[in-house]
Every structure is written in structure tokens, then in C-alpha cells.
Visitor: 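Below are the C-alpha cells for one structure; questions will follow.
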Amino acid sequence: MDPFGLFCTGALLACGLYWFVCLLGPAEQKGKRAVDLSGGSISAEKVQDNYKQYWSFFRQPKEIETAEKVPDFVDTFYNLVTDIYEWGWGQSFHFSPSIRGKSHRDATRLHEEMAVDLIEVKPGDRVLDVGCGVGGPMRAIAAHSRANVVGITINDYQVNRARLHNKKAGLDSLCEVVCGNFLEMPFKDNTFDGAYSIEATCHAPKLEEVYAEVFRVMKPGSLYVSYEWVTTDKYRGDNPEHVEVIQGIERGDALPGLRNYKDIAEVAKKVGFEVVKEKDLAKPPALPWWTRLKMGRIAYWRNHILVTVLAAIGIAPKGTVDVHEMLFKTADYLTRGGDSGIFSPMHMILLRKPQVPPTQS
Ligand SMILES: C=C(CC[C@@H](C)[C@H]1CC[C@H]2C3=CC[C@H]4[C@H](C)[C@@H](O)CC[C@]4(C)[C@H]3CC[C@]12C)C(C)C
Ligand SMILES: C[S@@+](CC[C@H](N)C(=O)[O-])C[C@H]1O[C@@H](n2cnc3c(N)ncnc32)[C@H](O)[C@@H]1O
């Protein structure tokens, strides 16, 4: 080949590589790039060991039953997955029903705005985001309602990401992020004008513990809405395929055990809430929430090649390939859960803390 041909081929290959590694794939315009994937607060050389540690929890179900260990295990999980989530999904770590003619981004935002509309907060009110991730919902909700949102997450890497995003979005005066356990929140009693949780309380080993904490910090008369991960009325515990799908979802999403939809209102009433409304937002006429997962399959393969190459040349931590593979499999279990209708990630419950506490009998 003559020197000019060689130069052109080389330039083309370099551009192709740059496009594949740096530009391809980010879910949001200013999202994570593949070359920035890390193990959150875990140092690169410890990612693989932490992944093995995470996985070994599921080989010892008794460990999962030890409720005190769950927040640490969830924290490890989010160190491992946060960058991959941001890179491949965006800043909102949840699902939403598809909406004809709207992008995933718009459908996600509308699902978040619905939460804050349900709790009827006013501009300037103080609202709690229980399990806030990197703050995608928090920013949409603050911008929509002009309320002050305080988010809490167990994972300090997410706290830093969320604060960075809040600043970039110019919403840091409305959004505050705290690192802490939602089972023992560092907030005073009766101080929030409303609260919401989006696909987060499923990580609590006992739902009553997190609901009781939310109840404690809310002002009397205020509202709390939660989008819960549940098994539906179609789930049969004696059907091996159902059990396989639900266990697959639990393992790939750091869940100490999925609850049935019937248990949610019972627990809420037990801690003192009044149930205002309850509805599975995944049920028709809503369009499937899992089509986005299905549509992404080709991109997951491309991502897998990319992660494998980046780990092999030492840019991404070694364990990233295992974590990515786990998510790949999880996407399939979630899709099967959606297709069969045995699982919903958006069982909505709207609760009120009574003005007068119920009398003890
Ligand atoms: C509420 C929770 C998280 C829900 C979702 C945000 C995530 C559940 C499964 C995740 C993903 C699966 C496949 C990944 C893919 C292989 C990769 O290439 C790009 C990222 C994924 C699409 C990733 C993105 C986030 C999820 C959809 C739980 C934890 C309670
Ligand atoms: C699936 S993410 C959802 C995040 C956010 N609600 C969103 O939709 O983008 C679940 C969140 O719950 C948080 N979480 C789980 N267990 C927690 C605990 N015990 N205390 C505080 N946060 C917790 C995780 O750190 C994570 O931020």
C-alpha cells in the first residue's frame, strides 16, 4: 500500500476506535463514557474481589436473612453498578411505562413528575427522596415542583455523583444529598412536607423498618408515595419457572427478597399510615416498561465487547466484565418477569401520615 493509503487506513481505524470507545453508548449526552467506568468507591484492584463477595451472599441465604448486613451488601452492589447504570441507562435508576411517541427520557421524567404531583407539595416545601441514587428523579422533581428536595443514599460514590450532577444542572440550591441508611435516617421527627421513594425500598430487608422511618420524619397530614418492586397476583410460588425468574431478579438487583403486592398496604397500615391510593402502574393500558430492556439487547452485546476490551488493556477494572455479565443476565430475568406479568417494578402506593396519631388500644 502506498504511504497515502496507509495514512488514510490508519486515520480511519483511529477514528473508528475513538468512536467505539469514547462516543458509542452513553445514554445521556453528558453521561458516563466507557473509558470512565470504575468500581465506585472501591479501588480498581478490589473490584473483582468485591464482586465475588457480593455473589457469595446468595450462596448463603442465611446471611441475607441477617438484616443488619443488608445495607453493606447493597452499598457494595451500588459501588459495582453505578457507573454501568449511568453509562448504559442514564441518571434515573428506575423503569417507567413506555409512552407512544415519547422518548425514554421523556417517559422517565413524566413518571417522576407523577410522583411529586401525587404528594401535592408546593414551591419551597421540604421533600424527602428515600434512596435517591445519583439524583435523576430528584432533579426532575425539583425543577417541576420548585420544592427543596433532600435525598438520602447508602452509597457515598452516588452522593458525589449526585452533587456533581446537581451543580451542573444548576439545581444545587434546591437539591441536597445526604449519605446514610434509610433505616435510621439522620433527620428530626415531623420535619418533611412530603416524601417519595422510587424503586428503592425493595432493598430494605423489612419494609416496616423503612416505612416507620419515613413516617417518623414526615409532618402530620403530609403524603408519601412509593413505587415498589413486587410479585403480582399472577405469581405462583409452586411454578419453578416463576421462582427462577424472581430469584434471578433478586440476585442481579441486590434484593433481600421480593414482596408480594398484597403485603405493601398491610405494612403501611401497621406503621400508622392511611392508604390513600394503590395502583400497579405497569398494568394495561400502560405500555410495557420492559420494551426498553428488550430493545437494548444489541447495545448490551456491543457494551460487553467494549468492557471486555477495556478491562483487558487495563482501562476498566478487571471485575467490570463480571458485573456487566451479571447485569446482562438480570436484564433477561426482568424482561421475563415483565412479559409473564408476574413482576412489577412500579406498584404505586400513596400514603398519608394522619393529622392525629391513631390512639393506642
Ligand atoms: C431499581 C433497580 C435498578 C433498575 C434498573 C435501572 C437496572 C436493572 C437492570 C439494569 C441493567 C441491565 C442491563 C445493562 C446492560 C447489560 C449494560 O450494557 C448497560 C446497562 C444495563 C442496561 C443496566 C442499566 C440499569 C438497569 C436497567 C434495582 C437495582 C432495585
Ligand atoms: C435502584 S436505585 C433508585 C435510585 C433513585 N430512586 C432513582 O430512581 O434513580 C436504589 C437506591 O436506593 C438506595 N438504598 C438502598 N438501600 C438503602 C439504604 N439502606 N439506605 C439508603 N439508601 C439505600 C441505593 O443506594 C440507591 O440509591
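Just so you know, ligand 1 is whichever comes first in the structure, and atom 1 is the first atom listed for that ligand.
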Visitor: Could you tell me whether some N/O pair between Thr330 and ligand 1 is separated by less than 3.5 angstrom?
Guide: no
Visitor: Is Phe95 near ligand 1, meaning one of its heavy atoms is under 4.0 Å from it?
Guide: yes
Visitor: For Tyr157 and Tyr78, I'd like to know if the aromatic rings sit close, meaning centre-to-centre distance below 6.0 Å.
Guide: no
Visitor: Within the structure, is a non-hydrogen atom of Gly136 found at a distance of less than 4.0 Å from ligand 2?
Guide: no
Visitor: Take every heavy atom of Ser197, measure it against each atom of ligand 2, and state whether any distance is under 4.0 Å.
Guide: no
Visitor: With a 4.0 Å cut-off on heavy atoms, is Gly296 touching ligand 1?
Guide: no
Visitor: Between Asn155 and ligand 2, does any nitrogen or oxygen pair lie at a separation below 3.5 Å?
Guide: no
Visitor: Does Tyr78 reach ligand 1 with a nitrogen or oxygen that is under 3.5 Å from one of the ligand's nitrogen or oxygen atoms?
Guide: no
Visitor: Between the candidates Ile154, Asn79, Val134, which shows the shortest non-hydrogen contact distance to atom 22 (N) of ligand 2?
Guide: Ile154
Visitor: With heavy atoms only and a cut-off of under 4.0 Å, state how Ala204 meets ligand 2: side chain, backbone, both or neither.
Guide: neither
Visitor: Any protein heavy atom lying closer than 4.0 Å to atom 29 (C) of ligand 1?
Guide: yes
Visitor: Please work out which of Tyr85, Phe93, Tyr227 has its closest non-hydrogen atom nearest to atom 3 (C) of ligand 2.
Guide: Phe93
Visitor: Looking at ligand 1, does His203 have a heavy atom less than 4.0 Å from it?
Guide: yes
Visitor: Using heavy-atom distances, let me know which of His324, Glu86, Arg297 sits nearest atom 17 (C) of ligand 1.
Guide: His324
Visitor: From atom 10 (C) of ligand 2, work out which of Tyr78, Trp89, Tyr196, Phe73 has a heavy atom at the shortest distance.
Guide: Tyr78
Visitor: Which part of Glu199 is near ligand 2, with near meaning a heavy atom under 4.0 Å away: side chain, backbone, both or neither?
Guide: backbone
Visitor: In this structure, is the centre-to-centre distance between the rings of Tyr227 and Phe95 below 6.0 Å?
Guide: no
Visitor: One residue to check: Val74. Relative to ligand 2, which of side chain, backbone, both or neither has a non-hydrogen atom less than 4.0 Å away?
Guide: side chain
Visitor: Given Phe95, Tyr157, Phe182, identify the one with the heavy atom nearest to atom 14 (N) of ligand 2.
Guide: Phe182
